[in-house]
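Heavy atoms only: backbone and side chains are in, while hydrogens, waters and symmetry mates are out. When a ligand or atom number is given, it counts from 1 through the structure's own listing order.
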Amino acid sequence: MALAFRVLSLFLLVCTLRVFSEHSEHEHDLNGASEDLKYREPRYLLYDVNPGEGFNLRRDVYMRIAVLVRSLNEDGPWTLVLPPWSRLYHWRSRDVGPQERIPWSLFFDLDSLREFVPVMEFHEFLEVNKKNTIDEVYYLQHYKEGWDKWEEKMDKRPCITNPYDWNPESQHWYGWFFGYNDEVEALKMECISVMGHAGILKPFLLKNTSARSVMLDRAETVLHDRYGDAVFWQVRRSMRFSKQLRDIGDAFRAEFLDSTDAKDKTVVEKSWKNMKRKHGDALGGPYLAVHLRRADFVRVREKDVPSLKFAAKQLKDLAEKHSLNKIFVATDAPMDEYKLLKGYIGDSYEVFKFEPTKQMRKDFKDGGVAIIDQWICAHARLFVGTRESTFSFRIQDEREILGFNPDMTFNRLCHEKDKKCEQPTRWHIEY
Ligand SMILES: Nc1nc2c(ncn2[C@@H]2O[C@H](COP(=O)(O)OP(=O)(O)O)[C@@H](O)[C@H]2O)c(=O)[nH]1
Ligand SMILES: [Mg+2]
């Protein structure tokens, strides 16, 4: 079954690539020389992110790089190689098997991603690449001297820090490579100081290197070309969660929250391209959802994270105001904190939390369970998040895509001392 799936996905991938190259400007006679075939082979762009970054910022970095690769495809076929998910800081569960080398297909719908840009998994790349080396790695960094005025620029510079090591035996570079450090090496490694948007890398990739596979490490160093424009939203809309995770979330909504797409006006089109909702189109299920970010935030964002008691008060006030009797809680808090919160909310409201089965946790790991929480939050009548949490931000964009009234989305909990309680910036969808 797993093998059949892999064969099928490889086949689909090859089809996608073919379609892509058929539109390329380097169209040649298919019966032509091997030279032509060589030209038609795609180049591969790989990337990685600062190891300390969490899942939801990584999703944002994908968007920046996907826009770059799409733009590279105006010149010739390029494929974006998806960085496997390995050992993220927040994935602490010990009883779910190793949380390493997780392919994107566990979390995302790759066919949907491919409607924006050609992508492939890293293990697929290793298969088509036929060798365990990446041609060139560019480690992005800031300018050592800092900067006084913003200007777009990039320069090859000595590395300020360098996590890659030269292997004198193989004459290659060792590196982390998404947890494939025992198997994969790079032929060349250099550092580039850069200040600018992801698009600044395009001329470099087209003119200054002809390597077949190029990896950009610390890709979060470059910014979105245009944050919040229609292209930004296209790539965001293409980032659909995998069907299996959405199904689990939907089943939970139906069973406990009296929430179904037809009733809540959140039916999704088969392709994201056909989905152009307006604010207010979606109603959402009859529940309030909160993303209560705790764990490290209690320490590092002390001023923004309310006490559990004050969080409970805010939730009760909101539920009452909107006549909602059910409260769904997505949180990274330990169970005892969740129980305290539930106690503070009291018996006037039904309080829910998604509790995965042991098998679900094994199958989908901490990352998958978090996505199910996000999906359930995305379908609530009213959503309240945590300040500066990218986990909350991704729920907000999901709700923009579904077509909620922004008043029901851009809300957050506040600390008891924060009398102003400024609400989140409203990043509205553009088509
Ligand atoms: N299941 C679940 N996990 C969460 C929740 N909030 C945070 N997490 C976990 O903690 C991580 C937080 O990191 P990140 O994605 O960077 O979001 P941020 O740190 O809030 O900006 C998530 O990726 C999840 O693994 C939650 O409500 N439910
Ligand atoms: Mg984080």
### Query
If we only count heavy atoms from C-beta on, is the Phe107 to Phe364 side-chain gap below 4.5 Å?
no

### Query
Between Phe393 and ligand 1, which residue portion shows a heavy-atom distance shorter than 4.0 Å: side chain, backbone, both, or neither?
neither

### Summary
Nearest heavy atom to atom 8 (N) of ligand 1, choosing from Leu292, Asp332, Ile395, belongs to Asp332

### Query
For ligand 1, is there an atom lying under 4.0 Å from some heavy atom of Thr331?
yes

### Message
If you take the nearest heavy atom of each of Phe55, Phe297, Phe354, Phe391, which one is closest to atom 26 (C) of ligand 1?
### Response
Phe391

### Query
In the protein, which heavy atom is nearest to atom 6 (N) of ligand 1, and how far is it?
His291 NE2, 2.9 Å

### Query
At what distance is the nearest protein heavy atom to atom 16 (O) of ligand 1, and which residue and atom is it?
Gly54 CA, 3.2 Å

### Message
Any carboxylate oxygen within less than 4.0 angstrom of a Lys/Arg side-chain nitrogen, looking at Glu220 and Arg58?
### Response
no

### Query
Is Tyr89 in contact with ligand 1, taking contact as a heavy-atom separation below 4.0 Å?
no

### Message
So if I count the atoms of ligand 1 from 1 in the order they appear, which ones are less than 4.0 Å from some heavy atom of Trp91?
### Response
25 (O)

## Note on the structure
In terms of its nearest heavy atom to atom 20 (O) of ligand 1, the top option of Arg293, Arg58, Glu53 is Arg293

### Message
I want to know if ligand 1 touches Glu388 in the polar sense, i.e. an N/O pair below 3.5 angstrom.
### Response
no

### Query
For the side chain of Arg237 and the backbone of Tyr431, is there at least one donor-acceptor N/O pair under 3.5 Å apart?
no

### Query
Taking only heavy atoms of Ala370, which atoms of ligand 1 are found under 4.0 Å from at least one of them?
1 (N), 2 (C), 3 (N), 24 (C)

### Query
Do Arg387 and Asp418 pass the salt bridge (Lys or Arg N to Asp or Glu O under 4.0 Å) test, and can you show the C-alpha distance, the side-chain angles, and the key distance before you say yes or no?
CA-CA 12 Å; Arg387 178 150 195 257; Asp418 176 5; over 6 Å; no

### Pairing of Asp95 and Lys358 as salt bridge, 4.0 angstrom limit
no

### Query
Of the protein's non-hydrogen atoms, which lies at the shortest distance from atom 15 (O) of ligand 1, and what is that distance?
Asn56 ND2, 2.8 Å

### Query
Going through the checks in order, is the ring pair (Phe, Tyr, Trp, His ring centres under 6.0 Å) test met by Tyr227 and Trp427?
CA-CA 9 Å; Tyr227 194 90; Trp427 292 106; 4.6 Å; yes

### Query
Is any NZ, NE, NH1 or NH2 atom of the basic residue among Arg293 and Asp304 found under 4.0 Å from an Asp or Glu carboxylate oxygen of the other?
no

### Query
Regarding Arg157 and the six-membered ring of Tyr143, is the cationic atom NZ or CZ under 6.0 Å from the ring centre and inside 45° of its axis?
no

### Query
Would a distance-only check, ignoring hydrogens and angles, find a side-chain to backbone donor-acceptor pair under 3.5 Å from Asn50 to Arg218?
no

### Query
Just going by heavy-atom distances, which of Ile371, Thr390, Ile376, Asp373 is nearest to atom 17 (O) of ligand 1?
Thr390

